[in-house]
Amino acid sequence: MIVEAPLIVEARGIHKHFGALHVLKGVDLLVAERELVFVIGPSGSGKSTLLRCLNRLEEPSAGSVMVDGIDMLDRRTDINRARQRIGMVFQSFNLYPHMTALGNVTLALRKVAQKPRDEAEALGLAALDRVGLRDRAGHTPGQLSGGQAQRVAIARAIALEPRVMLFDEPTSSLDPELVGSVLAVMRELRESGMTMVVVSHEMGFARAAADRVVFMDDGLIVEQGPPAAIFAAPQQARTQAFISQIQRH
Amino acid sequence: MLDTFFNIAIMRAAWPILLAGLGNTLLLSATVVPLGLLGGLVLALLARSRSRWVRWPLMAWVDFFRAFPPLVLLIFLYAGLPFAGIELGGFGCVAIAFFLNTGAYYGEILRAGIDSVPTGQSEAARSTGLTRGQTMAFVVLPQAVRNVLPDLMSNTLEVVKLTALGSVVAMPELLFQARQAQSLTYNPTPIVAAAIIYFALLWPLVRLLSRLENRALRTG
């Protein structure tokens, strides 16, 4: 792998055990600044767990994780400060149902970044504007469509001005006609130079926007490279099988 | 019949006594309900501890005070502890007994409420840098309380009714005062009046509760 820009995510030798289950078996994931890395693989291959190890929502059993120069696994690291630099978007949105869209976006701005209320609201509205939902600021998650909810979730993450964004299957629970609006926001983020790690099955988006595609299977990275190479001419048998399977759909 | 159970003259004479009793019932409820909620919250939060050395004694505590009849607990505190030189007084005994008893119930309700909030909620909160405590206070608890509001209210209703137990330790709450008035006047009218006051006090709560429960049923 050739990396010109400085590395912003350096995960090395990551192992993760869930009881007897060995989910990650020694994974290295290096991401350069402004890079968009797309992680694909069959379900159960460990891609979501790898993503969750990057902001320590999962505690790796072994290995090291550096994000933006911060050792994420060091006990002395203030993990809550570190997490401000790492935005995360979840498959099931996980918006706070008892707050408005703006409330969702401003909670961490006020409690973590400790902005006064009016400044937090201005930043929150700007973030909602960026995902095209400024006019939905007063709506609760129950009043939003799935696509809108996920865009609010993206706004919640980018409002904190993270250095890296993690996307864990951001469109998997959306109706097909709502996927486009979320991908459009992700594309805009990408064009603004955001470093992104995306676990997803949106192969069209990967082809169009990813710098690098990483194929995982059975807790290991099997193969990685530019999307054109991975999709058109995968080298490994397991990658070939996976690619041909998803392209049949 | 009317003269026996609804004697207006006696009602009028007993009214100030009953009002004082109602005041004490309200004061007692206003002490015991927040205390019980606070105790319950502490129990519910400790129940999430990863250490079994915290969780097991806690489970034993909750089980013990849910199984222990509050009346027996109250009489033990009032009539038993003085033998050990501990005199708590009527109000103190009722407050402590109810704190132990209702705290255990509130604790179980709040624990169920906290469990009902999907883990994705706290993961999202933690991913934005909120601490464990902030996540609990701003994200999990508000949803937990909303999810078990009918149960919390129903328990509160029980607590207010149970304050009548205070009468056995000479706590001058509504029932005690009514019985005083009854024995002074040789007439059951004050008891009937007390029953009506209890009803007037609690019926709006009961109505509100069943509306909440119906709404919960409709929205699933």
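This structure is a prediction, so every number in the text was calculated from the model and none was measured. Residue numbering restarts at 1 for every chain, and letters A, B, ... go by the order of the sequence lines.
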Under the side chain to side chain contact (heavy atoms under 4.5 Å, CB included) criterion, do Glu123(B) and Arg52(A) qualify, and how do the steps go?
CA-CA 10 Å; Glu123(B) 287 181 351; Arg52(A) 294 159 59 86; 2.7 Å; yes

Measuring heavy-atom distances to chain B, does [X] have an atom under 4.5 Å in its side chain, in its backbone, in both, or in neither?
X         : result
Tyr96(A)  : both
Leu166(A) : neither
Ile86(A)  : backbone

Which of the residues Arg56(A), Arg156(A), Met88(A), Lys111(A) is involved in the greatest number of heavy-atom pairs with chain B at under 4.5 angstrom?
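Most pairs with chain B among the choices: Lys111(A).
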
When only pairs under 4.5 Å are counted, which of Asn104(A), Leu107(A), Asn55(A), Asp78(A) shares the most heavy-atom pairs with chain B?
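Going by pairs under 4.5 Å, I would pick Leu107(A).
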
Value rounded to 0.5 Å, distance of CZ in Phe90(A) from CD in Gln121(B)
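Those atoms lie 10.0 Å apart.
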
Who in residues 124-160 of chain B is close to chain A, using a strict under-4.5 Å heavy-atom cut-off?
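Residues of residues 124-160 of chain B touching chain A at under 4.5 Å: Ala124(B), Ala125(B), Arg126(B), Ser127(B), Thr128(B), Gly129(B), Leu130(B), Thr131(B), Gln134(B), Phe138(B), Val139(B), Pro142(B), Gln143(B), Arg146(B).
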
Atom CD of residue position Glu188(A) - does it have more than 12 heavy atoms of other residues, nucleotides or ligands inside 6.0 Å?
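Enclosed: over 12 neighbouring heavy atoms sit under 6.0 Å from CD of Glu188(A).
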
Tell me, yes or no, whether the heavy-atom count around Arg48(B) atom CZ, taken from other residues, nucleotides or ligands under 6.0 Å, exceeds 12.
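Open: at most 12 neighbouring heavy atoms sit under 6.0 Å from CZ of Arg48(B).
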
